[in-house]
2 protein chains.
Amino acid sequence: MRTVPRPALTSTSKGVFRVPASCFADRLGDLIPLSPAEQAALARLEERERHLKRGAVLVRENDPAPEMFILRAGSMMSYVLLDNGSRQILRFLFPGDMVAITGLVYRDAPENVIALTDCTVAPFEKPALSRIVVEHPRLAALMVVYNQIERMALTDRLAGLGRSSAKARVAAILLEIRGRRRIVDREIGDSFLLGLTQEEIGDATGLTSVHVNRMFRQLENEHLIARENGRVTILDERALARTANFVNRYANLDLSWLPEPR
Amino acid sequence: MRTVPRPALTSTSKGVFRVPASCFADRLGDLIPLSPAEQAALARLEERERHLKRGAVLVRENDPAPEMFILRAGSMMSYVLLDNGSRQILRFLFPGDMVAITGLVYRDAPENVIALTDCTVAPFEKPALSRIVVEHPRLAALMVVYNQIERMALTDRLAGLGRSSAKARVAAILLEIRGRRRIVDREIGDSFLLGLTQEEIGDATGLTSVHVNRMFRQLENEHLIARENGRVTILDERALARTANFVNRYANLDLSWLPEPR
DNA sequence: CGGTAAATTGACCTGGGTCAATAAATGTGG
DNA sequence: CCACATTTATTGACCCAGGTCAATTTACCG
């Protein structure tokens with residue numbers, strides 16, 4: 001669904017939430033309008049559902065990885081563990097994201113995926129994707145597009161880890177999480193629920209939780225952000241984006257070359 | 001071509017090198033045998049050629065990016081420049097690699113690509129790729145597979161930058177470069193031409209050239225590697241891989257789900 | 001053979017890590 | 001709704017891996 005039921009939010013007036021046939025179709029539909037046949041094909045990926053409690057492990061590194069998933073509700077993260085015992089968080093996942101797509105390629109999972117909140121995922125197998133690629137070339141092309149966008153996002157994080165300061169990295173992750181949540185819930189403005197511990201932010205940015213805390217305080221002292229509990233409010237977006245070296249990778253796309261839909 | 005003409009190598013007995021119709025087809029062919037029709041389709045991407053001198057800029061960040069390329073000979077690198085003036089190298093490119101595929105998605109290039117040695121590239125346009133996706137679903141799927149492998153490679157580098165020591169990062173890049181060169185030239189053993197300055201290694205690993213130098217010396221003192229000029233010899237591969245936290249992402253693939261070739 | 005780029009090395013400095021002690025917040029069972 | 005248990009957040013004191021600066025040396029190049 002587009003909005004995760006969180007009491008603090010007022011994005012939907014009622015307690016009942018509309019659940020689209022395919023969260024993934026909604027996401028690709030943000031790039032370009034899909035044909036009914038394409039929507040139907042994607043909906044078939046989300047026919048089954050599985051529910052996970054917060055903290056549940058969906059995929060464990062080195063275990064066989066026969067399934068892939070679309071995240072339908074809640075949030076998750078993927079990470080790897082190094083032999084020195086430390087954790088590198090690779091990606092935070094939100095509704096509409098493909099989860100564990102690496103399963104498409106590797107016999108055993110190269111990363112862990114766990115639920116950050118209670119969530120709903122739709123599992124599917126490799127032949128299902130194969131069928132879509134054959135029957136809907138434009139969807140195949142869109143998946144390539146999606147991969148590329150994600151590759152650029154990874155690339156930005158790489159540049160952040162390699163070449164920017166702790167403050168910049170923390171600022172960047174705030175903008176990233178806000179942007180990601182906004183894709184799912186258009187109502188989100190400058191104030192949003194972070195939904196991550198400082199240790200998680202550290203493991204995503206290559207810092208210690210202690211230093212993440214210091215950077216939060218610094219951003220607060222400079223009036224770039226404000227915090228109350230897990231909620232962050234961006235006070236000076238321009239300044240925050242400047243310190244973060246932020247680039248919006250969902251802007252300036254050129255999809256004019258896509259083949260005809262079926 | 002599979003082998004770059006470098007005088008020091010003896011991989012081919014004569015001075016004449018066989019140039020395959022499609023370097024990219026050769027690369028995908030390492031994953032799974034391609035049908036004649038598939039090979040022909042890929043060969044069409046490499047009908048034109050362009051030659052670049054060492055140091056030449058193929059793609060400049062923020063310039064319009066209408067073209068994509070297959071690297072046919074030589075080596076290149078892609079990087080971004082941050083406002084603080086520092087450079088993050090994203091990827092080293094070798095024959096058979098797709099170059100500037102981000103052009104498929106973005107109107108303006110998000111990264112720079114320059115030639116590290118004199119090289120040959122084959123330019124093609126977006127509709128060419130679109131045609132392949134429509135006519136050869138299995139090739140579309142293989143491109144998705146390739147994207148995923150590259151995503152894991154990026155991910156490994158991310159984990160390296162975020163969570164491992166300078167020594168581990170330098171060890172990792174040595175193993176990576178050796179592995180990449182070996183894909184192109186099967187004759188390469190434990191000794192290989194690095195082809196990168198210490199500053200470039202630093203910009204790829206998030207270190208300064210000075211510290212890269214110190215790490216080289218340390219690896220040398222511990223008898224993990226030896227060096228003469230630009231040539232590196234791996235003396236103790238197991239130990240090097242251990243300090244590097246190295247994982248071979250081209251192993252353990254599962255491509256049994258791919259659709260039928262055409 | 002000069003001239004420029006790259007590699008090396010030493011001396012010294014700092015951003016971010018480590019350790020440890022508290023304080024808040026969040027859950028949990030009753 | 002309360003008392004206790006477990007995470008999470010915060011802060012201070014101190015340390016070190018890796019950065020900075022600067023001086024040579026070495027390799028490469030026309």
Side-chain angles (χ1 to χ4, degrees), chain A residues 6-8 53-55 82 84-89 114 116-118 160-174 193-221 225-232 243, chain B residues 6-8 53-55 82 84-89 114 116-118 160-174 193-221 225-232 243:
Chain A
R6 263 188 270 107
K53 292 264 170 236
R54 180 156 72 90
L82 309 202
N84 61 24
S86 59
R87 173 175 74 171
Q88 175 67 49
I89 294 177
I114 72 170
L116 287 170
T117 64
D118 290 359
L161 288 199
R163 290 299 187 209
S164 63
S165 68
K167 183 156 55 146
R169 295 186 223 173
V170 171
I173 206 175
L174 290 178
L193 213 110
L194 195 44
L196 302 172
T197 67
Q198 294 180 2
E199 183 162 12
E200 284 159 352
I201 293 174
D203 284 345
T205 54
L207 300 169
T208 56
S209 59
V210 174
H211 206 61
V212 168
N213 187 283
R214 294 197 272 243
M215 294 303 101
F216 268 141
R217 176 144 320 288
Q218 207 173 316
L219 291 172
E220 225 171 18
N221 290 341
I225 64 168
R227 289 180 302 156
E228 346 107 46
N229 302 339
R231 179 161 286 272
V232 173
T243 71
Chain B
R6 264 187 269 109
K53 291 265 169 236
R54 180 157 71 89
L82 309 200
N84 60 25
S86 58
R87 172 175 76 170
Q88 174 66 49
I89 294 176
I114 72 171
L116 286 170
T117 65
D118 290 358
L161 289 199
R163 291 297 187 210
S164 64
S165 69
K167 183 158 52 148
R169 294 185 223 175
V170 171
I173 205 174
L174 290 178
L193 213 109
L194 196 44
L196 302 172
T197 66
Q198 294 180 3
E199 182 161 12
E200 284 158 352
I201 294 174
D203 284 345
T205 53
L207 299 170
T208 56
S209 60
V210 174
H211 206 60
V212 168
N213 187 284
R214 295 196 272 241
M215 294 304 101
F216 268 139
R217 177 141 322 285
Q218 206 172 317
L219 291 172
E220 226 171 16
N221 290 340
I225 64 169
R227 290 179 302 155
E228 347 106 47
N229 303 339
R231 178 161 288 272
V232 173
T243 72

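In what follows, every chain begins at residue 1, and chains take the letters A, B, ... in the order their sequences are listed.
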(message) Nearest to the side chain of B/Arg227, heavy atoms from C-beta on, is which of D/dA13, C/dT8, D/dT20?
(response) C/dT8
(message) Can you measure B/Glu228 atom CD to C/dA6 atom P for me and round it to whole angstrom units?
(response) 20 Å
(message) Let's see if you can work this out: which of C/dG16, D/dA9, D/dT20 has an atom nearest to the side-chain heavy atoms of A/Leu207?
(response) C/dG16
(message) Using the rule given for side-chain contact (heavy atoms from CB on, under 4.5 Å), can you reason through A/Arg217 versus A/Arg227, listing the C-alpha separation, both sets of side-chain angles and the distance that settles it, and then say yes or no?
(response) CA-CA 9 Å; A/Arg217 176 144 320 288; A/Arg227 289 180 302 156; 3.7 Å; yes
(request) Mind calculating the distance between CZ (A/Arg163) and C1' (C/dG16) to the nearest angstrom? (result) 16 Å
(request) Go through D/dA27, D/dT8, C/dG10 for me and flag the one nearest to the A/Thr197 side chain. (result) D/dT8
(request) Look at the side chain of B/Thr208 and decide which nucleotide, out of D/dT10, D/dG19, C/dG16, has an atom nearest to it. (result) D/dG19
(message) Are the side chains of B/Arg163 and A/Asp203 in contact, using a 4.5 Å heavy-atom criterion?
(response) yes
(request) By nearest nucleotide on DNA chain D, pick out whichever of B/Arg169 and B/Arg54 is the more 5' one. (result) B/Arg169
(request) Measure from the side chain of B/Ala166, starting at C-beta and using heavy atoms only, and say which of C/dG27, D/dG18, C/dG16 lies closest. (result) D/dG18
(message) D/dT10, OP1 or OP2 - any side-chain N/O from A/Asn213 closer than 4.0 Å?
(response) yes
(request) Rounded off to whole Å, could you give me the CG-to-C1' distance for the A/Asn84 and D/dA17 pair? (result) 14 Å
(message) Checking contacts here: which listed nucleotide (D/dG19, C/dA25, C/dT8) is nearest the side-chain heavy atoms of A/Asn229?
(response) C/dA25
(request) Please report, rounded to the nearest Å, how far the P atom of D/dC28 is from the CG atom of B/Leu193. (result) 10 Å
(request) Provide, to the nearest angstrom, the distance between the CE atom belonging to A/Met215 and the C1' atom belonging to D/dT11. (result) 13 Å
(request) Compare side-chain N and O positions of B/Arg214 against OP1 and OP2 of C/dT9 and report whether any pair is under 4.0 Å apart. (result) no
(request) Using a 4.0 Å heavy-atom cut-off across all strands, classify A/Gly202 as base, sugar-phosphate, or nothing. (result) nothing
(request) Indicate yes or no: at least one non-hydrogen side-chain atom of A/Phe216 is less than 4.5 angstrom from one of A/Leu194. (result) yes
(request) Looking only at side-chain atoms of B/Val210, point me to the closest of C/dT9, D/dG19, C/dG27. (result) C/dT9
(message) I need the minimum non-hydrogen distance between B/Arg169 and B/Ser164, along with the two atoms involved.
(response) NE-O, 3.1 Å
(request) Let me know the distance between CZ of A/Phe216 and C1' of C/dG16, rounded to the nearest Å. (result) 16 Å
(request) Mark yes when over 12 heavy atoms from residues, nucleotides or ligands other than A/Arg54 sit less than 6.0 Å from its CZ; otherwise mark no. (result) no
(request) Rounded to the nearest angstrom, tell me the gap between atom CD1 in A/Ile201 and atom P in C/dG16. (result) 16 Å
(message) Return whichever of A/His211 or A/Gly230 has its heavy-atom-nearest nucleotide of DNA chain C closer to the 5' end.
(response) A/His211
(request) May I have the distance from A/Asn221 (atom CG) to D/dT11 (atom P), rounded to whole angstrom? (result) 9 Å
(message) Heavy atoms from C-beta onward define the side chain here; which of D/dG18, C/dT8, C/dG16 lies closest to that of B/Ser165?
(response) D/dG18
(message) Looking at every heavy atom in both B/Ile114 and B/Gly55, which two are closest together, and how far apart are they?
(response) CB-O, 4.4 Å
